[in-house]
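Right, one structure below, let's go through it.
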Amino acid sequence: MLQVAFIRQNVDFVKERLGVRNFSEIGLVDTVVSLDEQRKKLQQESETSQSSVNALSKEIGQLMAKGQKEEAEAKKQQVADLKAAIGPLSTRLAAVEEELTTALLRLPNLPAAAVPRGKTPEDNVIVKEGGPMPALPAGAQPHWDLAKKYNLIDFELGNKLTGSGFPVYIDKGAKLQRALIQYFLDFNTAAGYTEIEPPILVNEASARGTGQLPDKEGQMYYVNEDNLYLIPTAEVPVTNIYRDEIVKETQLPIRMTAYTPCFRREAGSYGKDVRGLNRLHQFDKVEIVQLVDPAKSYDVLEEMVAHVERLLLSLELPYRILRLCGGDMGFTSAMTYDFEVYSAAQEKWLEVSSVSNFESFQTNRMKIRYKDGGGKTQLVHSLNGSSLALPRIVACLLETHQTAEGISLPAALHPYFKAEKI
RNA sequence: GGAGGAAUGGCAGAGCGGUCGAUUGCGGCAGUCUUGAAAACUGUUGAAGGUAACACUUCCGGGGGUUCGAAUCCCUCUUCCUCCGCCA
């Protein structure tokens with residue numbers, strides 16, 4: 001959520017930035033400013049009256065102590081009159097505040113200066129391509145066929161147990177998942193991230209904190225009985241660890257990594273895009289999250305991108321890094337890099353990581369602050385990224401490294417998989 | 001699931017319905033002393049809104065109520081502790 005004070009002072013800039021996203025409800029900015037003015041006015045009025053009430057109450061106490069009943073009664077009447085006036089004022093104030101919050105929640109984050117203009121994924125900028133492009137042998141197979149051939153994943157069994165989008169990993173398929181998770185976590189903790197195992201169900205406040213609520217409840221599985229949401233990403237519980245906290249400057253940067261299953265309803269997706277491991281309702285992911293000094297957040301963003309890139313390189317997969325254009329960025333992000341790996345058999349790029357700087361958009365909602373050198377309390381910046389989402393990595397691993405003698409795994413995985421081949 | 005008890009500032013822990021944003025201790029910060037450090041001593045130290053700066057308003061787990069006035073009384077929810085039951 002953007003800060004009202006910032007909007008108030010930078011109306012034109014805010015509108016210009018939202019334009020980079022092709023945000024259609026630019027009028028909301030003026031709405032926010034006008035509601036904020038109303039809020040201030042109403043608040044001042046009611047607080048002035050409240051101040052008089054407080055003073056009179058104090059006087060009444062003193063009069064009662066002296067036994068001056070009549071004077072006290074007269075003041076009581078004054079208080080009653082004031083309170084009668086405050087009543088409707090505070091009702092209106094509450095209504096205006098609620099409208100203001102609702103409007104604010106609908107404003108997406110402002111794209112950073114370096115974010116390219118654009119509407120669709122075609123407008124994303126390819127920053128870098130790397131990794132060896134595979135020269136696949138004749139008869140190369142897509143991952144869903146390979147998964148079947150080597151008995152790694154049973155999609156039909158998942159249909160039976162749960163429904164489509166819930167694959168069952170079996171034998172070496174299950175072992176590969178475990179090896180990847182372990183490898184990713186080790187890779188992250190070696191870089192200074194603290195490992196976290198969070199709950200995978202979160203309450204409403206947490207879902208609101210990272211921006212899943214309001215409006216995106218349809219994308220999350222919801223447990224009605226307990227009013228809890230299955231997490232769509234570890235970002236939600238992990239970032240919320242510091243919700244409503246004021247940390248010391250010396251604690252920054254806070255760096256955390258977590259493996260969790262992730263759950264996404266993704267209603268309305270059909271066809272070849274959801275074939276095999278391309279898009280699932282439940283998948284495994286290792287996430288990295290950082291809370292940092294605002295002045296350093298863009299350096300940290302680059303550092304995180306470099307970190308994820310090193311991880312991908314070690315898997316010996318063809319990849320590319322995109323800087324997302326305004327129109328393709330998530331609601332809460334100020335700048336996002338996507339990582340894609342090349343699925344040779346499908347001849348298409350698959351997103352496996354998204355690394356974003358949210359600046360103070362999430363931390364303003366969550367009230368994650370720190371005391372700077374001058375003793376001033378201010379919001380930290382939050383960032384996160386996947387390192388990595390497993391299914392598409394598995395898809396690409398199988399396809400890229402397939403040989404006539406089996407799947408030959410990259411060296412980095414040997415110690416974890418305890419074998420060089422599937 | 002059942003029965004009791006509790007929830008106060010970073011932590012610990014006071015607080016009679018009025019002068020309490022809240023005694024005190026620890027911790028933090030600054031200073032005195034010291035070559036430096038420790039100890040000791042002195043001062044300082046919650047957040048949000050608001051203001052040019054003050055003033056002022058709100059916050060003692062959340063929500064509601066009683067009262068001229070609530071951290072203090074009542075209702076309710078949540079969480080924690082103790083005991084019982086169940087249980088990976």
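Letters A, B, ... are given to chains in the order of the sequence lines, protein chains preceding strands, and every chain is numbered from 1.
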Sugar-phosphate, base or nothing in reach of A/Ile60, heavy atoms under 4.0 Å: base

Distance between C1' atoms of B/U35 and B/C29 (Å, rounded): 24 Å

Out of A/Asp284, A/Leu176, A/Leu152, which residue meets the side chain to side chain contact (heavy atoms under 4.5 Å, CB included) rule with A/Val394? A/Leu176

Heavy-atom nearest nucleotide on RNA chain B taken for A/Thr377 and for A/Lys76; more 5' hit belongs to A/Thr377

Check whether the side chain of A/Glu47 and the base of B/G49 form a donor-acceptor pair under 3.5 Å. yes

With respect to the phosphate group of B/G18, does any side-chain polar atom (N or O) of A/Ser57 fall under 4.0 Å of OP1 or OP2? no

Apply the side chain to side chain contact (heavy atoms under 4.5 Å, CB included) test between A/Tyr259 and each candidate in A/Asn188, A/Leu180, A/Val286; give the one that qualifies. A/Val286

Between A/Glu235 and A/Thr210: side-chain donor-acceptor atoms closer than 3.5 Å: no

A/His281 and A/Phe166 aromatic ring geometry - parallel, tilted or perpendicular at 30°/60° bounds: tilted

Take atom C1' in B/C77 and the same atom in B/U67, then report the distance between them in whole Å. 24 Å

Think A/Lys40 has a side-chain N or O under 4.0 angstrom from the OP1 or OP2 of B/U51? yes

Let me see the working for A/Arg21 and A/Glu16 under salt bridge (charged side-chain N to carboxylate O under 4.0 Å, His left out), right down to the final yes or no. CA-CA 9 Å; A/Arg21 286 186 173 268; A/Glu16 187 273 323; over 6 Å; no

Using the P atom as the point on both nucleotides, what is the distance between B/U8 and B/A88, in whole Å? 35 Å

For nucleotides B/A53 and B/G49, find the distance between their P atoms and express it as a whole number of Å. 13 Å

When rounded to the nearest Å, what value does the distance between C1' atoms of B/G15 and B/U23 take? 8 Å

Pairs involving residues 198-225 of chain A, ordered by first then second residue, that meet ring-ring contact (aromatic ring centres under 6.0 Å, His included) (sequence neighbours left out): A/Tyr222-A/Tyr229

Mind checking the P distance from B/U57 to B/G50? Whole angstroms is fine. 16 Å

Roughly how many Å is it from CG in A/Leu93 to P in B/G50, rounded to a whole number? 12 Å

Does NZ or CZ of A/Lys175 fall inside the cone over A/Phe417's six-membered ring, less than 6.0 Å from its centre and within 45° of the axis? yes

Rounded to the nearest Å, what distance is computed from the CD1 atom of residue A/Ile86 to the C1' atom of nucleotide B/C68? 12 Å

On a whole-Å scale, what distance lies between the P atoms belonging to B/C75 and B/C26? 39 Å

Rounded to whole Å, the CD1-P distance (A/Ile246 to B/G28) equals 19 Å

Please compare A/Lys248 and A/Gly61 by the position of their nearest nucleotide in RNA chain B and report the one closer to 5'. A/Gly61

Nearest-Å distance for atom pair CD/C1', residues A/Glu45 and B/G49: 16 Å

Is the shortest side-chain N/O distance from A/Arg8 to OP1 or OP2 of B/G50 below 4.0 Å? yes

Between A/Asn54 and B/U58, is there a contact of a side-chain N or O with OP1 or OP2 at under 4.0 Å? yes

For atom CG of A/Asp244 and atom P of B/G46, their distance in whole Å: 19 Å

Side chain of A/Val79: nearest nucleotide among B/U19, B/C68, B/C56? B/C68

Is the shortest side-chain N/O distance from A/Lys371 to OP1 or OP2 of B/A47 below 4.0 Å? yes

Which whole-number value in Å describes the distance from A/Tyr370 OH to B/A47 C1'? 17 Å

Rounded to whole angstrom, note down the C1' distance from B/C20 over to B/G46. 15 Å

Counting side-chain heavy atoms from C-beta on, which of B/U19, B/C68, B/G49 comes nearest to A/Arg39? B/G49

Please report, rounded to the nearest Å, how far the P atom of B/A55 is from the CD atom of A/Gln43. 16 Å

What is the separation between atom CZ on A/Arg369 and atom P on B/A48, rounded to the nearest whole Å? 5 Å

Applying the Watson-Crick and G-U criteria (both distances under 3.5 angstrom) with [ ] for crossing and | for other-strand pairs, one obtains for RNA chain B ((((((((.[[[..)..(.....]]]((((((.......))))))((((......)))).[[[[[..)....]]]]])))))))....

Just to verify, which of A/Leu317, A/Leu388, A/Val352 counts as forming a side chain to side chain contact (heavy atoms under 4.5 Å, CB included) with A/Phe339? A/Val352

Go through A/Arg8 and A/Asp36 one step at a time and tell me if the salt bridge (charged side-chain N to carboxylate O under 4.0 Å, His left out) criterion holds. CA-CA 8 Å; A/Arg8 195 195 295 151; A/Asp36 184 47; 2.7 Å; yes

When you check the phosphate oxygens OP1 and OP2 of B/U58, does a side-chain N or O of A/Gln50 lie under 4.0 Å from one of them? yes

